[in-house]
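In what follows, a structure is listed as structure tokens, so that the remarks can point back to it.
Just so it is clear: chains get the letters A, B, ... in the order the sequence lines come, proteins before strands, and each one is counted from 1.
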Amino acid sequence: MRRRRSSTKFPRTLGLGVALLLCAAGVQAAGTPIPHGTLELIAENQSIAAGHELYLGLHFQLEKGWHIYWVNPGDSGEPPRIKWQLPPDITVGEIEWPTPRRLGTPSIVDFGYEDEVTLIVPIHAQASLASQQSAQIGAEVKVLVCREICIPGKAQLSLTLPVKSQQSAPDAGTSGLFAAARKSLPRPAPRSWKFSVADANNSLVLSANLGHQVSQAVFFPLAESQIDDAAPQSLVPASAGFRLTLRKSDQLRKPIGRLKGVLVLSAAQAYIIDVPLGSPGLAENTGAEIYAAQFLEEVPLR
Amino acid sequence: MKRSTLYPILIALFLCAALPLILSGKTGEPAPQFTATASNGKIVHLADYRGKYVVLEWHNNGCPYVGKHYKSGNMQKLQKEWTGRGVVWFTILSSAPGEQGYMTANEENDYITKVQAAPTAALLDSTGQIGHLYDAKTSPQMVVINPQGVVIYDGAIDDKPTTDLEDVPTATNYVNLALEQAIAGKQVETPTTRPYGCSVKYANSAH
């Protein structure tokens with residue numbers, strides 16, 4: 001847990017400068033080294049309350065040019081893997097993965113994050129935690145950090161949270177990171193949007209009716225080996241949406257039932273979609289629950 | 001234009017369009033032919049190995065996923081076992097000069113001695129020609145070709161896409177499975193998987 005002092009007593013600019021210095025010092029001091037970066041386990045609140053949920057975060061800071069991977073890493077690499085060490089009174093949920101970027105070369109495309117990213121994870125404290133003074137939370141993280149080359153790293157992180165009867169206010173020292181992390185999450189697509197997917201020989205064609213013309217879209221498949229990650233995604237704008245042609249992966253041997261993933265329309269517009277193949281009339285997207293459930297299937301925590 | 005001149009043009013156009021499909025090296029399709037220089041100085045023609053099973057192993061000695069299989073001795077064991085059973089094993093180095101995993105012939109020969117590797121030959125593919133023919137994405141990507149020259153497996157070496165040495169003993173090795181099943185006259189159950197590992201360090205790849 002990181003604490004930063006409030007700067008309200010200082011003149012604004014001086015306060016800001018001091019806050020930035022403290023912030024930089026805090027990051028330096030608190031981050032555990034990983035190859036070409038640091039990793040820190042943070043909590044959204046300064047204490048944990050029995051019977052309540054709390055968000056933890058894994059805050060990665062990477063040197064320029066280095067990256068880590070999304071839940072579907074694309075053509076190479078692998079996502080970070082977390083082994084939690086928790087008291088029996090605490091259960092952990094699934095990682096909420098921010099929208100990734102396309103990385104790599106024209107022939108080999110990976111999905112991941114550069115510079116800085118926070119993976120947030122909800123934990124739930126059972127009522128029985130009330131008998132404890134504090135909760136010790138540990139996480140062993142295995143992460144592959146790549147630029148042209150890849151270096152596997154491992155970090156043992158820990159955090160001690162006092163147990164309180166009431167949920168405490170968000171920690172001012174970490175709230176910025178949690179806010180940024182939530183902002184970078186893909187959202188469920190609006191209910192009014194209609195999608196369909198057609199199987200066309202070597203391609204899957206994703207058609208979207210959003211009520212307005214769209215001239216730019218990138219799709220990130222949640223499952224590996226469905227689409228050819230490196231193939232250009234060709235978009236044809238339509239009067240009320242678009243049609244996006246996705247080349248099938250060579251590894252796809254059986255027809256897929258659904259196409260799930262993240263559709264990025266612009267930097268601030270990323271949506272979770274889950275579209276059954278064919279039958280365009282039934283192509284309702286079903287939102288975030290599917291996204292989380294799929295992660296559970298795809299990335300067993302080990 | 002007369003029919004007699006139009007037809008050859010149409011056929012040529014068709015062949016041009018079909019060429020990338022013919023050469024894609026996908027499972028179930030003919031293995032793309034190549035000629036390469038091995039680190040031992042020999043010239044290798046894939047066509048000369050018709051009638052034998054051939055394994056292609058994409059290699060980059062700096063890649064931690066490759067390291068897992070060499071430090072554990074797994075790759076050497078596979079090479080010894082299968083070449084001992086008459087299978088041809090080519091280790092392929094598609095890293096461009098200056099990139100991780102690029103080796104001169106001498107460096108590769110020293111490496112083979114040092115780690116006690118036992119491929120039939122290590123093929124120097126710094127132009128990436130063979131890698132692109134097979135659309136190799138990662139090291140260690142593995143391809144198995146049957147005696148009829150058809151690709152019967154293309155993908156990962158096993159089902160544990162990690163860099164942890166401790167995962168090797170518990171992994172299901174897809175190359176073993178494909179070879180055992182094919183040699184026993186059975187259908188290869190898992191003919192293709194997502195290859196895991198480091199990206200192949202081709203020439204001209206934008207970083």
Gap separating the [atom1] atom of [X] from the [atom2] atom of [Y], nearest 0.5 angstrom:
| X | Y | atom1 | atom2 | result |
| --- | --- | --- | --- | --- |
| A:T105 | B:K137 | OG1 | NZ | 8.0 Å |
| B:S199 | A:I149 | OG | CD1 | 10.5 Å |
| A:E148 | B:Q100 | CD | CD | 9.5 Å |

Heavy-atom side-chain contact between B:T27 and A:R253 under 4.5 Å: yes
Contact summary for B:P64 and A:L144, nearest pair of heavy atoms: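 Smallest interatomic distance, heavy atoms only, reads CG-CD1, 4.4 Å.
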Shortest non-hydrogen separation from A:G77 to B:Y65 and the atoms involved: C-OH, 3.8 Å
Per-residue contact mode, A:L252 against chain B (heavy atom under 4.5 angstrom):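 For A:L252, neither part sits under 4.5 Å from chain B.
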Salt bridge (Lys or Arg N to Asp or Glu O under 4.0 Å) contacts touching residues 97-108 of chain A (sequence neighbours left out):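 Every salt bridge (Lys or Arg N to Asp or Glu O under 4.0 Å) pair that includes a residue of residues 97-108 of chain A, provided the two are not neighbours, is A:R101-A:E114.
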Carboxylate-amine/guanidinium proximity below 4.0 Å for A:K142 and B:D164: yes
A:S266: partners by side chain to side chain donor-acceptor pair (under 3.5 Å), with sequence neighbours left out: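 Testing A:S266 for side chain to side chain donor-acceptor pair (under 3.5 Å), a comparison that skips the adjacent residues, returns A:Q269.
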Toward chain A: residues of residues 104-114 of chain B with heavy atoms under 4.5 Å: none
Residues in residues 169-198 of chain B that sit under 4.5 Å from chain A, counting heavy atoms only: B:P191, B:T192, B:T193, B:R194, B:P195, B:G197, B:C198
